[in-house]
Amino acid sequence: MASGSTIDHLAVSGGLSGIASNGAAGITVRDVQISKTAGDGIRLDNVTGALVEKTSIRDLYICNNNSDCEFAVGNPNRAPHAAISALGTSGLTVRDTTIDSVTYGIFAGSRIDDNDWPAVITQAANGITLDNVTISKSRREGVLLVAAKDVTMNKVTVDNSAQGLDMDLVVLQGTSNVAITDMTLKGGINGLMLVTASSLPEEARTTNVRVNGLSVDGTRNAGIFFNPVSDVHFKDVVITNAGTYGAFVYGSDWDFLGGPVKDITFKNMRIENAAKAGLYFMGPAVDIGGDVTIKGTPRNCLVSSFGSYVNGSLTQSPGTSLLLNGRELNAGNFKANCL
């Protein structure tokens, strides 16, 4: 697609990518049906300003080979066979769109040059909006954002409950300034994964994330997974039937690997019927606050341990309080409650 062009009311089947654009600005894809492509459904490369709306993308090539298709931070520009792939693209809006039976759902990432150290962003992904988007049966991540900034997700549903092989549902990898409202996640390994990889550019850190309304059900591992991230705040969250933990808090003792998980709050979070515990701590956690109700779950919290070695800690600043079923968890009672 060229700059300023529109594709409206079209059916596309087969080919490598159904629709592709490189270096264009101000493009629109509206009321389009895309199916049976061998590559991506829509591929955007270094595009500025793209609207995809009222579009259906389904039955694309499914890649089960991890060596060929699994995303890796060592190759951050590649997530092949996506319904929508947007690399180095800014000002992307996807709304009123359905995606079904694909390898990846939506991949949006900054173009990264990692041929030298440190890696650098050469074309940023920012201004990403997903509004009223439903993704089902994605073999790999439903939404994968890599080194993106200024992201809004409203009424996004990822439902992988009807398949056996899948990955995490929504992943924020080195992605900041994120607002999530009314998100629904079903199935998957982890529901919402927030992670920062040390191999990404220095500015690619997962931070300043606000979640207002999140439902997670039936994950094989955790409902929410934190892996060295900071400044993440939740309101009105329900996690049910997690295969292990409601939330997995995984910090690092080493700053170059991201350091502790810190400055996290849960306001009105409910965890029901998690298989092992409401919260699981591994590594250092700092300033974890809020109120969490845990029901039908063997333990309110657990901490990683190996024999007598406890591989987890909770450090709270004055004024920070974490309540589990109305009882405060703090540094003083952490081991007694979570071992």
Side-chain angles (χ1 to χ4, degrees), residues 190-196 205-217 219-255 257-339:
N190 297 293
L192 177 60
M193 167 71 82
L194 304 109
V195 58
T196 297
R205 296 289 177 262
T206 297
T207 189
N208 188 22
V209 178
R210 303 295 184 268
V211 179
N212 187 354
L214 172 65
S215 173
V216 185
D217 179 66
T219 57
R220 281 191 281 154
N221 190 32
I224 304 169
F225 197 114
F226 303 89
N227 192 351
V229 296
S230 65
D231 189 15
V232 183
H233 304 280
F234 293 85
K235 180 181 178 183
D236 297 338
V237 175
V238 177
I239 299 170
T240 53
N241 304 309
T244 56
Y245 316 106
F248 194 128
V249 182
Y250 186 9
S252 174
D253 292 312
W254 306 98
D255 286 341
L257 293 177
V261 173
K262 61 184 178 181
D263 190 17
I264 312 294
T265 59
F266 306 106
K267 184 177 181 180
N268 188 31
M269 183 161 95
R270 185 177 183 88
I271 299 170
E272 297 183 0
N273 302 321
K276 295 184 178 181
L279 302 183
Y280 183 76
F281 294 89
M282 180 180 287
V286 176
D287 290 340
I288 313 297
D291 58 285
V292 183
T293 299
I294 303 165
K295 300 295 182 184
T297 298
R299 299 283 301 272
N300 287 346
C301 63
L302 280 173
V303 60
S304 173
S305 62
F306 307 93
S308 61
Y309 174 66
V310 178
N311 183 29
S313 63
L314 177 64
T315 303
Q316 304 284 66
S317 298
T320 300
S321 174
L322 176 61
L323 302 179
L324 305 184
N325 286 337
R327 300 185 65 179
E328 184 175 3
L329 182 69
N330 53 43
N333 62 22
F334 180 71
K335 290 183 181 180
N337 281 283
C338 300
L339 266 177

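Minimum heavy-atom separation, Ala274 to Gly246: CB-N, 4.0 Å. Here the closest non-hydrogen pair linking Ile294 and Gly278 is CD1-CA, 4.0 Å. Contact record, Pro298 with Ala275: CG-O, 3.3 Å, taken as the closest heavy-atom pair. Across Ala331 and Leu314, no two heavy atoms sit closer than the pair CB-O, 3.2 Å.
For the side chain to side chain donor-acceptor pair (under 3.5 Å) test, residues two or more places apart in sequence or in another chain that qualify with Thr244 are Asn221. For Ser215, there are no side chain to side chain donor-acceptor pair (under 3.5 Å) partners at least two apart in sequence or on another chain. Evaluation of the side-chain contact (heavy atoms from CB on, under 4.5 Å) rule for Thr219 yields Val216, Ala242 as partners, not counting sequence neighbours. For Asp263, there are no side chain to side chain donor-acceptor pair (under 3.5 Å) partners two or more places apart in sequence or in a different chain.
Here the CZ-OH distance, from Phe226 to Tyr250, works out to 15.5 Å after rounding to the nearest 0.5 Å. Here the OG1-CD1 distance, from Thr293 to Ile271, works out to 9.0 Å after rounding to the nearest 0.5 Å. Atoms CG and CG, on Leu302 and Leu339 in that order, are 8.5 Å from each other to the nearest 0.5 Å.
Residue pairs satisfying the side chain to side chain donor-acceptor pair (under 3.5 Å) criterion with at least one member in residues 269-282, sequence neighbours excluded, are listed as follows: Arg270-Glu272. Pairs of residues two or more places apart, or lying in two chains, that qualify as side chain to side chain donor-acceptor pair (under 3.5 Å) and include a residue from residues 297-316 are Asn300-Asn325. Applying the disulfide (SG to SG under 2.5 Å) test to pairs two or more places apart or on separate chains, those with a residue in residues 287-322 are Cys301-Cys338. Residue pairs meeting the ring-ring contact (aromatic ring centres under 6.0 Å, His included) criterion with at least one partner in residues 319-339, sequence neighbours excluded, are Phe281-Phe334. For residues 324-337, the set of pairs meeting the salt bridge (charged side-chain N to carboxylate O under 4.0 Å, His left out) definition, not counting sequence neighbours, is empty.
Using a 4.5 Å cut-off on side-chain heavy atoms (C-beta onward), Met193 and Val229 make no contact. Side-chain contact check for Leu279 versus Leu322: some heavy-atom pair is nearer than 4.5 Å. Side-chain contact between Val249 and Phe225: absent, with no pair of heavy atoms (C-beta onward) separated by less than 4.5 Å.
Side-chain N or O atoms of Asn337 include one that pairs as donor or acceptor with a backbone N or O of Asn333 at under 3.5 Å. Using modelled atom types, one side-chain atom of Asn330 and one backbone atom of Gly332 make a donor-acceptor pair closer than 3.5 Å. The backbone N or O of Arg205 lies less than 3.5 Å from no partner atom in the side chain of Thr196, so there is not a single donor-acceptor pair.
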Would you tabulate the side-chain donor-acceptor contacts of residues 230-239 under 3.5 Å, counting partners in other chains and residues two or more places apart, or write 'none'?
unit_1 : atom_1 : unit_2 : atom_2 : d
Ser230 : OG     : Thr207 : OG1    : 3.3
Asp231 : OD1    : Arg210 : NH1    : 3.2
Asp231 : OD1    : Arg210 : NH2    : 3.1
Asp231 : OD1    : His233 : NE2    : 2.7
His233 : ND1    : Thr265 : OG1    : 2.6
Asp236 : OD1    : Asn268 : ND2    : 2.8

